[in-house]
Amino acid sequence: MRREQYRMDRARALALLQRAPVVHLATTTPDGAPVLKTVHGVVVDDALCFHGAPAGEKSESLGRAAVLGAEEIVAEIPSYFVDPERACPATTYYESVQVHGVLEEVTDLDAKARVLGALMSRFQPEGGHVPITADHPMYKSAVKGILIVRVSLERLDGKGKLGQNRKPEELALILLRLWERGTPADLAAIERVREANPSVPPPAFLAAPDGVQLHMCRLTAADAARAADLLEGAYWNAGVSRETIERSHLGATVWVGARDQRGRLIASARANSDGAKHAWIYDVIVDPEWRGRGLARAVLRLLLAHPAIRHVRNVRLGTRDAQRLYQGLGFVVEAPRPHGWDLLLSR
Ligand SMILES: CC(C)(COP(=O)(O)OP(=O)(O)OC[C@H]1O[C@@H](n2cnc3c(N)ncnc32)[C@H](O)[C@@H]1OP(=O)(O)O)[C@@H](O)C(=O)NCCC(=O)NCCS
C-alpha cells in the first residue's frame with residue numbers, strides 16, 4: 001500500500017472479506033495465461049476458501065500465486081462538494097481488501113466439509129438443509145469430488161479511502177454535503193468517514209449532549225432488541241409483543257438513535273414516511289438514566305432533519321403527556337384523543 005494513512009486494521013479487513021458477497025480471484029494457468037474469476041469465499045482455519053469443479057481453470061492453477069480481492073464503494077464524492085469549479089477533487093470513498101498467497105487444494109475430507117458448511121451458513125443462513133459432514137451418505141461423494149481451494153490469510157491487506165487526506169474543515173464540509181445529498185448510502189458513508197477520522201469533531205447536524213453520539217443509519221437487529229428493552233412498559237405498547245416491537249423498528253423507514261461512550265443505545269425514535277406528504281413518528285424513548293439532559297430533543301431534531309423527513313409537509317405523532325417536548329420543536333395540537341393528543345408539525 002502506497003499510503004499508510006489508508007491502511008485498515010486486520011479486524012476490519014477481515015470483516016470486509018467476510019461480508020463480501022463475492023471475491024475476485026486473479027491468478028495464472030501453468031502456461032502463464034491470466035485468469036480472472038469471481039468466487040464465493042469463506043474464511044475457515046485462517047484461510048480464504050472457495051469451491052470449484054474438479055477439472056477447470058481453478059484446478060489447473062493450483063500451486064500458483066494468486067490475489068483475491070473484494071471492495072465496497074462507500075460514497076461518490078463529486079468535485080463540487082469541496083470546489084465549485086475544479087474537477088480534480090472528484091473521488092470515490094471505498095474500502096477494499098486483498099489476500100496475496102498461493103492456491104492450495106484442501107484434501108482432508110472433514111476440512112472440505114467444514115468449508116462447504118461455512119459456505120452454506122454464509123449464503124443460506126436460514127438453514128433448511130441437513131448439515132454437511134464428510135461421512136454423511138447424502139454428501140459423501142459430493143465432498144470427495146468437489147474441489148476446495150484455500151489461500152492463507154497471512155498476507156491480508158485492507159485499505160479504506162475515507163477522507164483521511166483531508167483537513168478537518170474540508171472533511172466537515174464533505175460530511176455536510178453527504179447529509180444534504182442524503183441517500184441511504186450517504187448516511188452510512190457519514191458514519192464510516194467519521195469512524196475513520198475519529199479526531200474530527202461531530203458535524204453540527206449530529207450535535208448531541210456530552211458523551212453521546214447520534215446515529216441515523218438503518219439499525220441492526222441488536223439495536224432493535226435494545227430499543228425493545230428501552231420501550232418495555234411504555235404505555236402505548238401495552239399488549240404489543242416484543243417481537244412485533246423489534247420488527248416495527250427494523251421495518252421503519254427512518255430510525256435515529258443515540259449511544260453512550262461504551263456504544264450502548266440510550267435513546268431511540270423511529271418514523272414511517274412517504275418522503276413528501278406524510279410522516280408519523282413512533283416510539284420516542286430515552287434511557288431513564290439519561291433523561292432530562294436534552295437527549296430526546298437532540299434525537300427528534302435529527303429525526304426531523306433526516307433526508308426522508310426533512311421535506312415532508314405533515315409530520316404527526318400521538319402522545320399522552322409529552323406535548324411540551326414536541327411543542328418546543330414546532331408541533332401543535334391537531335386533535336384530542338380519548339387519552340392524549342395527536343400533534344402535527346406542518347411546513
Ligand atoms: C419523554 C422523554 C422521551 C423525554 O426525554 P428527555 O431526554 O428527558 O427529554 P429532553 O431532556 O430532551 O427534554 C426536552 C424538553 O422537553 C421537556 N420534556 C421532557 N419530557 C417531558 C414530558 N414527559 N412531558 C413534558 N415535557 C417534557 C423537557 O422539560 C425539556 O423542555 P425544557 O427545555 O423547556 O425544559 C423521556 O422522558 C422518555 O423516554 N419517557 C418515557 C417514554 C415517553 O413518554 N416517550 C414519549 C412518548 S410521546
Side-chain angles (χ1 to χ4, degrees), residues 201-217 219-220 222-274 278-306 308-310 312-347:
F205 59 86
L206 290 177
D210 278 352
V212 175
Q213 286 249 23
L214 295 184
H215 297 271
M216 64 326 188
C217 285
L219 78 174
T220 62
D223 288 332
R226 169 74 183 145
D229 288 344
L230 290 171
L231 284 160
E232 200 176 332
Y235 62 86
W236 64 90
N237 278 329
V240 182
S241 76
R242 190 189 161 84
E243 198 235 335
T244 302
I245 294 173
E246 288 184 29
R247 280 199 292 126
S248 67
H249 279 72
L250 291 167
T253 46
V254 184
W255 174 79
V256 295
R259 293 181 205 285
D260 66 11
Q261 274 163 334
R262 286 180 295 147
R264 217 169 52 106
L265 194 69
I266 51 171
S268 173
R270 68 184 181 93
N272 284 329
S273 170
D274 62 19
H278 299 290
W280 197 285
I281 296 176
Y282 303 93
D283 290 330
V284 179
I285 193 83
V286 171
D287 186 322
E289 283 179 28
W290 281 86
R291 289 180 191 167
R293 301 191 219 177
L295 205 45
R297 192 190 285 118
V299 162
L300 286 162
R301 278 201 181 125
L302 182 63
L303 187 69
L304 294 172
H306 189 285
I309 299 212
R310 63 170 77 126
V312 172
R313 288 179 55 194
N314 299 301
V315 184
R316 291 184 168 83
L317 63 90
T319 185
R320 192 171 70 184
D321 52 19
Q323 299 95 303
R324 201 154 58 80
L325 167 64
Y326 300 104
Q327 280 164 349
L329 293 158
F331 284 83
V332 296
V333 172
E334 183 182 31
R337 284 186 182 187
H339 302 292
W341 312 91
D342 279 351
L343 304 184
L344 170 69
L345 175 68
S346 257
R347 42 200 183 171

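We count ligands from 1, going down the list as the structure has it; atoms in each ligand are counted the same way. Keep in mind the model is a prediction, meaning the values are calculated, not measured.
The residues lining ligand 1, counting any heavy atom closer than 4.0 Å, are Trp236, Val284, Ile285, Val286, Arg291, Gly292, Arg293, Gly294, Leu295, Ala296, Arg297, Gly318, Thr319, Asp321, Ala322, Arg324, Leu325, Tyr326.
Side-chain contact between Trp290 and Val212 is present, with at least one heavy-atom pair separated by less than 4.5 Å. Counting only heavy atoms from C-beta outward, the side chains of Arg242 and Asp229 approach each other to under 4.5 Å.
Screening residues 338-347 for side-chain hydrogen bond (donor to acceptor under 3.5 Å, both in side chains) gives Asn314-Ser346, Arg337-Asp342 as the qualifying pairs, with residues at least two apart or on separate chains.
For Leu329, the side chain to side chain contact (heavy atoms under 4.5 Å, CB included) partners are Arg297, Leu300, Arg301, Leu304, Phe331, not counting sequence neighbours. For the side chain to side chain contact (heavy atoms under 4.5 Å, CB included) test, residues two or more places apart in sequence or in another chain that qualify with Ala227 are His249, Leu265, Ser268.
In this structure, Leu230 CG and Arg226 CZ are separated by 4.0 Å, a value rounded to the nearest 0.5 Å.
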